[in-house]
Amino acid sequence: MKQVRLIALDMDGTLLMSDHRTLPQRNAEAIRRADAAGIHVCIATGRMLEDASDFIRRLELPCSIIAANGARASDGPLPGGNILFRCSIAPRDAHAAIDLLMASEMMINGFEDGLVTTVQDQTRRVYHLVQRGLIDVRYGEQALRAAADRGLMKLFAVGVGSDIGDTPDARIAPLREALRRALPQLQITSSASGNIEIMPAQAGKGAALARLAAHFGLTREAVMAMGDAQNDLSMLQYAAHSVAMGNAAPEVREICRYETLSNDECGVAAMIERVLEAKSA
């Protein structure tokens, strides 16, 4: 672990506690200690860049960002951070994905920079980023189709009544497979048992992490990644030092070199502390 110079951390189920809001103080201090030791720390999340930026700014964390599962990357939080990479779903592919998603009668969110378009939500619940004043919102299939023509960074489908998909939904697995068959060129994954995330072909946390490592002049041998869910697999496969959280899905544990404590037990801090001890030994 002495050669680790870049650590990528998933947010939900990894860095944050299971309420998806609380950052344990031990994790925050570990990130600051890593930065002081010359180790770059990156938040790698399926969340929007605006959401991750707000999180980092409020807690004053020294982190770069991979957002929207790799469709966006920046060297720091907005508005001051520099965008290092962005990509969008080709309009034709986005419309084909929307066709399949609409038939599922799930809630669909389409994300652009600073904007979310929501369809199939009969109660018109206000997305939490809109409530927090971070992005704007539009509603309806027509608005979603217009967004697809402009270029979506991500499509997100979830069972009605849930924001993030923590509740298992029997529709997810067959719909995900149908999407993969119809659109094999896209990145199609899940961050929880009740959701589907669709990103551009060039996206993926692993591809974005490779670009970020190159930006810092590093190879994969100097990279550590920590995660718990299916959408973390690509970055865990890229990083030479892959770490499964104690609460990780079985497919994550199978491919990882190391395992740490769960997110609720500060597994991130425990592994960073191991890295720092190895460097000082």
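All values reported here derive from a predicted model rather than from experimental measurement.
Considering CE of M226 and CG of D10, their distance stands at 11.0 Å, rounded to 0.5 Å. Taking CG from D136 and CD from E112, the interatomic distance works out to 10.5 Å, rounded to the nearest 0.5 Å. In this structure, CG in L84 is found 10.0 Å from CD1 in I65, a value given to the nearest 0.5 Å. With rounding to the nearest 0.5 angstrom, the CG atom of D228 is 9.0 Å from the CG atom of L236. Rounding to the nearest 0.5 Å gives a distance of 5.0 Å between CG of L276 and CD1 of I39. Taking CG of L179 as the start and CD of E197 as the end, the distance is 12.5 Å to the nearest 0.5 Å.
Here the closest heavy-atom approach between residue A94 and residue L152 is recorded as CB-CD1, 4.4 Å. Annotation for A170 and P174: closest pair O-CD, 3.4 Å, computed over non-hydrogen atoms. Scanning all heavy atoms of the two residues, the minimum distance from C63 to I56 falls at CB-CD1, 3.8 Å. Here the shortest heavy-atom pairing between M11 and I43 reads CG-CG2, 3.3 Å. Here the shortest heavy-atom pairing between F85 and Q202 reads CZ-O, 4.0 Å. Closest approach of K2 to A281, counting heavy atoms only: NZ-O, 3.9 Å.
When the shell of 6.0 Å around CZ of R176 is examined, it contains more than 12 heavy atoms from other residues, nucleotides or ligands. In this structure, R253 places its CZ atom where more than 12 heavy-atom neighbours from other residues, nucleotides or ligands lie under 6.0 Å away. Remark: R58 CZ is packed, more than 12 non-hydrogen atoms of other residues, nucleotides or ligands lying under 6.0 Å away. When the shell of 6.0 Å around CD of Q142 is examined, it contains 12 or fewer heavy atoms from other residues, nucleotides or ligands.
Proximity of a side-chain donor or acceptor of T45 to a complementary backbone N or O of A67 within less than 3.5 Å is not detected. Between the side chain of K154 and the backbone N or O of I198, no donor-acceptor pair lies under 3.5 Å. Between the R171 side chain and the S104 main chain, a donor and an acceptor come within less than 3.5 Å of each other. Remark: the backbone N or O of V158 is not paired with any side-chain donor or acceptor of N195 at under 3.5 angstrom. Between the D232 side chain and the A229 main chain, a donor and an acceptor come within less than 3.5 Å of each other. Counting only distance, with no hydrogens or angles, the side chain of R72 and the backbone of M48 share no donor-acceptor pair below 3.5 Å. A donor-acceptor pair under 3.5 Å is formed between the side chain of S280 and the backbone N or O of E277. Judged by distance alone, the side chain of R180 and the main-chain N or O of I188 form a donor-acceptor pair under 3.5 Å. Of the possible polar contacts, one joining the H241 side chain to the E221 backbone as a donor-acceptor pair under 3.5 Å is found. A donor-acceptor contact shorter than 3.5 Å links the side chain of N27 to the backbone of A269.
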What's the verdict on side chain to side chain contact (heavy atoms under 4.5 Å, CB included) for L6 and L209, showing C-alpha distance, side-chain angles and the deciding distance?
CA-CA 9 Å; L6 170 60; L209 184 55; 3.9 Å; yes
side-chain hydrogen bond (donor to acceptor under 3.5 Å, both in side chains), that's the test. Do N109 and T118 meet it? Break it down for me.
CA-CA 5 Å; N109 288 325; T118 298; 2.7 Å; yes
Where do M224 and I272 land on the side chain to side chain contact (heavy atoms under 4.5 Å, CB included) test, with the steps shown first?
CA-CA 10 Å; M224 172 175 281; I272 291 177; over 6 Å; no
Does the side chain to side chain contact (heavy atoms under 4.5 Å, CB included) test come out yes or no for V119 and I98, once each step is laid out?
CA-CA 10 Å; V119 66; I98 290 168; over 6 Å; no
Go through the steps for H40 and H215 under the test side chain to side chain contact (heavy atoms under 4.5 Å, CB included), then give the verdict.
CA-CA 11 Å; H40 301 285; H215 173 76; over 6 Å; no
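At a threshold of 4.5 Å between non-hydrogen side-chain atoms, the residues M106 and D169 count as touching. With a 4.5 Å cut-off on side-chain heavy atoms, P62 and V41 do not count as touching. M199 places a side-chain heavy atom less than 4.5 Å from the side chain of T189. When side chains are defined from C-beta on, Q185 counts as touching L183, because their heavy atoms get closer than 4.5 Å. Looking only at side-chain heavy atoms (C-beta outward), M271 and Y258 come within less than 4.5 Å of each other. Looking at heavy atoms from C-beta onward, Q237 lies in side-chain contact with I255 at the 4.5 angstrom threshold. I108 is listed as a side-chain neighbour of L155, based on a closest heavy-atom distance under 4.5 Å. Taking 4.5 Å as the limit, every side-chain heavy atom of T260 sits out of range of all side-chain heavy atoms of V268.
A single hydrophobic cluster is not seen to contain both V4 and F216; linkage of ILVMFWY side chains at heavy-atom distances under 4.5 Å, directly or through other members, places them apart. Put simply, L218 and M235 are part of the same group of oily side chains (I, L, V, M, F, W, Y) that touch within less than 4.5 Å, one to the next. Under a hydrophobic-cluster definition in which Ile, Leu, Val, Met, Phe, Trp and Tyr are linked whenever side-chain heavy atoms come within less than 4.5 Å, directly or via other members, L175 and L186 are assigned to the same cluster. Taken together through direct or relayed side-chain contacts under 4.5 Å among Ile, Leu, Val, Met, Phe, Trp and Tyr, I135 and Y139 form part of one hydrophobic cluster. Neither L49 nor L134 shares a network with the other; the hydrophobic side chains, linked directly or stepwise wherever heavy atoms of I, L, V, M, F, W or Y lie under 4.5 Å apart, form separate groups for each.
The side-chain contact (heavy atoms from CB on, under 4.5 Å) test applied to N263 returns S18, M245, N247, not counting sequence neighbours. Residues passing the side-chain contact (heavy atoms from CB on, under 4.5 Å) test with R138 are L115, T117, A143, R150, sequence neighbours excluded.
The residues R57 and D54 are annotated as salt-bridged, a charged nitrogen and a carboxylate oxygen being separated by less than 4.0 angstrom. Ion pair R32/E60 not flagged as a salt bridge, since none of the NZ, NE, NH1 or NH2 atoms sits closer than 4.0 Å to an Asp/Glu carboxylate oxygen. Using a 4.0 Å cut-off between a side-chain N of Lys or Arg and a carboxylate O of Asp or Glu, R145 and E141 qualify as a salt bridge.
Of the N and O atoms on the side chains of Q187 and N69, not one donor lies less than 3.5 Å from an acceptor on the other residue.
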